[in-house]
Each structure stands twice: as C-alpha cells, then as structure tokens.
Amino acid sequence: MEKKNLDWEHIGFSYHQTDYRYVAEYKDGAWGKGGLTRKADIVLNECANILQYSQQVFEGLKAYTTADGHIVTFRPDQNAKRMADSARYMEMPAPPEEMFLEAVDRVVRANAAWVPPYGTGATLYLRPYLFGTDPVIGVKPASAFQFRLFCTPVGPYFKGGAKPLTLCVSDFDRAAPRGTGHVKAGLNYAMSLHAYVEAHDRGYDENLFPDPVTRTLVEETGGANFVFVTKDGELVIPKSASILPSITRRSLVEVARDRLGLTVTERPVALAELPDFAEAGLCGTAAVISPVGKIVDHGREICFASGMETMGPVLQKLYDLLTGMQMGTIEAPAGWIRTIL
Ligand code: PLP
Ligand code: COI
C-alpha cells in the first residue's frame, strides 16, 4: 500500500482530514450497527444536547508502525474501559467494548495509507468520541447519541519536540472538587482554555493545575499526568481523585517496577516539595513522555537538575521502554499490543 505524500517528520500535532471514520448511533435504548463513512461533517439539530449542554466524552490513542512493518495499537481495551467509565458518569450509554475495538481496527485499516512510517517520529492519533444528539432544552441527558472515531497523523504534541518544557502554576482550576476531572469529558478541556491562553501569552508551554480544594498539591496539566523522579532515582506519581487516570502513566508504573526495578510511589505531591525532585515529566498518549525543565510558581522558579536541554536519565529510560514497546522493538506485557495489520 502506498503511503500519503506527507512530510511526516514535520506534520506537528494538527488535524489532517483522513479518508474514513466510524459512526454508530444509539436510539430507542439500543446501539445500531456501526460502519465506516467518508463524510467528515456531522449534521445536528440546533438543540442537540452536545451543542447546548456539552454532553460529550472522548478518548485518545495511537496506531504505530512497528520496526518490522506491522500496524499496532497500545492497550485500546483500556481506552474502551475508560470511555465506559466516563460515559457512565456523564449519563451516556457507552459503546460496548467490541464496538469500540471494531471502530479502532476498521478506521486504522481503512486509513492505512495515513499511518506514518516507522522512524519518522509521527504516529496515527485516534480520537473516539461520544455525544448527545437529540434536542433537549430543559437540562437533562440526551436519549440519542453518536459514537464516532476519526484519525489524523500527528507529530510531537509540544512544539520543541523533546526539549524540556516550562510550566506555570495556574491560578485557575481545571477540575471542580467532586466534579469531572477524573473522566475524559470535553467540558474539562473547555474549562482549561482560558488558562491555556493566559499561560501561552505569558510564554509558558503549559499549566500545572494544583488541586482545586487546597491549591497546595500537584494535579496535572490540561492534557497529561505528571511523573517525578527523586534524587535517589525513585518514581513519584501524584495521586488525586480529580486527575484523569492516564493509561500511559499506569503502564509506566507497571514497567518501571517490573522491568527497571524502580521503586514507585503513588501519593499526593505538594507543590512545596517540587524543588526536591531531580526530574519531572508529563506523560500521556499525545505527550508520550515530555520532560519538564522548569516550573514557575508565582515568580518562584523551580529548575530541575535535568536542565533545559535534555530529558533526565530515568525518564529517558522510561521513554525508551515505552516507545520500544509501542514500536515493537521491546516486548510488551501480554495483551498490551493489538496488531491490526
Ligand atoms: N490527563 C489528561 C487531562 C489528558 O487529557 C490525558 C490524555 O488523554 C492524559 C492525562 C493522559 O492519558 P493517557 O495516557 O491515557 O493518554
Ligand atoms: C491524549 O493524550 O490523547 C489527549 O487526549 C490529550 C489531548 C490534550 C490531546
């Protein structure tokens, strides 16, 4: 199969309209049969719940070309499960796991020409999403929904590629106490946009959102979880009920312990202890592992020992392990890799 003629090394993290996407509809209490369509536009009633009350959840995962030329995805069953959790919380019917996985497989196969070749640093980003479609004017859940999945080839999420990021501690909240921070609802991202623009205008790459109750603990950024490394080489993961349970982070915790023999502690992390860490990073599907060089907390600069040029040694080991598993050069734990082609 001939690949699309794109400058794979320089595509950035932006939307390219690909050939096929998956759509399935839920109405009268049941999912209909889903299928592929070439149509990227969606026609909705003006009063559709998604347009008025933002009843929407989504997922993000990637397809990778492996060193030996296969196309694989990484733990898509975990995305299906998280979408089901998000949907339950947002009073929506989740697509069954088989439907979710069928959508992943079919969209990747149908758009195989768009899957970036091995070694380009680009991957195919898959965006499953679920939203309320029927008209509601009183505030209540929809009764009709669409589940869709499209894909787009992407490069690194952050502009500098692997260059360490500079973050600022935000004055805004991304998640409300006992709100939706732990589910992947579009409304969390809407809520982070003002903070994102403010941070960018002030020259920062991203926000560190503190916990919404005490504002003394590290939560996450708008689109990734944190990982920290102590001066003794131990991994510390912020624990909180209002951060998104990142599949990348959960995978890293497992392989850091089992493959690298690292001590991993998941616990609340105070902003006050940030200067004690040797390395800091962001992890997620889009972020992969992106090093953080500096965090600015209202004029107080916290510079990590790993510096502003490269990733620290422990995070680099984790990065190599994670991307090696995704690209098929390192064996992943059983069941983590789904071969599509
Ligand atoms: N946190 C937020 C707010 C996110 O949007 C994402 C991306 O999905 C993550 C963390 C990382 O999660 P995952 O590793 O499952 O992609
Ligand atoms: C992902 O990593 O898949 C996300 O959804 C994060 C988003 C900011 C692109």
Side-chain angles (χ1 to χ4, degrees), residues 12-13 60-64 66 72-75 78-79 116 119-125 154-167 205-209 218-231 233-239 243-266 269 274 277-295 302-330 332-333 336-337:
F13 200 92
L61 67 161
K62 285 172 170 173
Y64 308 85
T66 60
V72 304
T73 49
F74 184 74
R75 310 191 75 182
Q78 296 301 310
N79 294 94
T120 57
T123 50
L124 189 75
Y125 186 71
V154 294
Y157 188 66
F158 294 105
K159 275 206 182 68
K163 273 261 180 214
L165 305 168
T166 302
L167 313 186
D205 296 303
E206 258 295 348
N207 284 290
L208 179 161
F209 289 106
V218 177
E219 293 252 293
E220 58 176 329
T221 67
N225 280 183
F226 277 101
V227 287
F228 296 104
V229 180
T230 66
K231 289 174 181 148
E234 295 181 6
L235 210 61
V236 176
I237 309 286
K239 191 173 176 173
I243 66 178
L244 189 77
S246 156
I247 295 162
T248 313
R249 184 250 295 167
R250 286 183 274 148
S251 307
L252 287 173
V253 166
E254 219 174 302
V255 292
R257 281 193 183 122
D258 297 350
R259 302 280 179 94
L260 300 180
L262 297 182
T263 301
V264 185
T265 313
E266 299 185 66
V269 172
L274 285 178
F277 294 119
E279 299 177 41
L282 301 180
C283 71
T285 300
V288 193
I289 298 180
S290 300
V292 175
K294 193 197 287 186
I295 298 176
I302 301 142
C303 299
F304 297 100
S306 50
M308 294 306 294
E309 288 306 317
T310 52
M311 199 179 286
V314 176
L315 288 186
Q316 185 68 54
K317 266 192 212 152
L318 282 169
Y319 177 91
D320 292 344
L321 183 53
L322 175 70
T323 53
M325 292 188 302
Q326 291 166 338
M327 306 289 173
T329 56
I330 296 175
W336 282 19
I337 298 297

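Because only heavy atoms are used, hydrogens play no part in the values below, and waters and symmetry mates are left out as well, while side chains stay in. Residue indices begin at 1 and follow the sequence shown.
- Asn225 contributes no side-chain N or O that, together with a main-chain N or O of Glu220, makes up a donor-acceptor pair within less than 3.5 Å.
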### Message
For a side chain to side chain contact (heavy atoms under 4.5 Å, CB included) check, start with the C-alpha distance between Val255 and Leu322, then their side-chain angles and the critical distance, and finish with the verdict.
### Response
CA-CA 8 Å; Val255 292; Leu322 175 70; over 6 Å; no
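- Heavy atoms only, all atoms of each residue included: Glu219 and Pro238 are closest at O-CB, 4.3 Å.
- Between atom OG1 of residue Thr323 and atom CD1 of residue Ile330 there is a gap of 7.0 Å, rounded to the nearest 0.5 Å.
- The pair Glu266-Arg250 does not meet the salt-bridge criterion, since no charged nitrogen lies less than 4.0 angstrom from a carboxylate oxygen.
- The minimum heavy-atom distance between Phe304 and Ala278, with the atom names listed, is CB-O, 3.7 Å.
- Listed here is the closest heavy atom pair of Pro291 and Ala162: CG-O, 3.3 Å.
- Under the side chain to side chain contact (heavy atoms under 4.5 Å, CB included) rule, Thr123 has a single partner from Val154, Leu61, Val288, which is Val154.
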### Pair Phe277-Val229, side chain to side chain contact (heavy atoms under 4.5 Å, CB included): steps then yes or no
CA-CA 6 Å; Phe277 294 119; Val229 180; over 6 Å; no
### Task
Evaluate the side chain to side chain contact (heavy atoms under 4.5 Å, CB included) criterion for residues Thr248 and Phe74: first the C-alpha distance (whole Å), next the side-chain angles of each, then the deciding distance (0.1 Å), finally the verdict.
CA-CA 9 Å; Thr248 313; Phe74 184 74; 5.8 Å; no
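- If you take CE on Met325 and OG1 on Thr66, they are separated by 14.5 Å, rounding to the nearest 0.5 Å.
- Going from atom CD1 of Ile295 over to atom CG of Leu274 covers 5.0 Å, rounded to the nearest 0.5 Å.
- The two residues Ala287 and Leu282 have their closest heavy-atom pair at CB-O, 4.3 Å.
- Remark: side-chain polar atoms of Glu234 are not paired, donor with acceptor, to backbone N or O of Thr265 under 3.5 angstrom.
- Taking the side chain as every heavy atom from C-beta outward, Leu252 and Ile237 never approach each other to under 4.5 Å.
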### Query
Could you walk me through whether Thr166 and Met308 pass the side chain to side chain contact (heavy atoms under 4.5 Å, CB included) check?
CA-CA 9 Å; Thr166 302; Met308 294 306 294; 3.4 Å; yes
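- Between atom OG of residue Ser251 and atom CG of residue Leu318 there is a gap of 11.5 Å, rounded to the nearest 0.5 Å.
- Distance alone, capped at 3.5 Å, places no donor-acceptor pair between the Glu206 side chain and the Thr221 backbone.
- Side-chain contact check for Phe226 versus Ile243: every heavy-atom pair is 4.5 Å or farther apart.
- Looking at every heavy atom in both residues, Ala256 comes nearest to Val264 through CB-CG2, 4.0 Å.
- A distance of 13.0 Å separates NZ in Lys62 from OG1 in Thr73, rounded to the nearest 0.5 Å.
- The structure places CG of Leu167 at 10.0 Å from CD1 of Ile302, a figure rounded to the nearest 0.5 Å.
- Of all heavy-atom pairs spanning Val227 and Cys283, the tightest one is CG1-SG, 4.2 Å.
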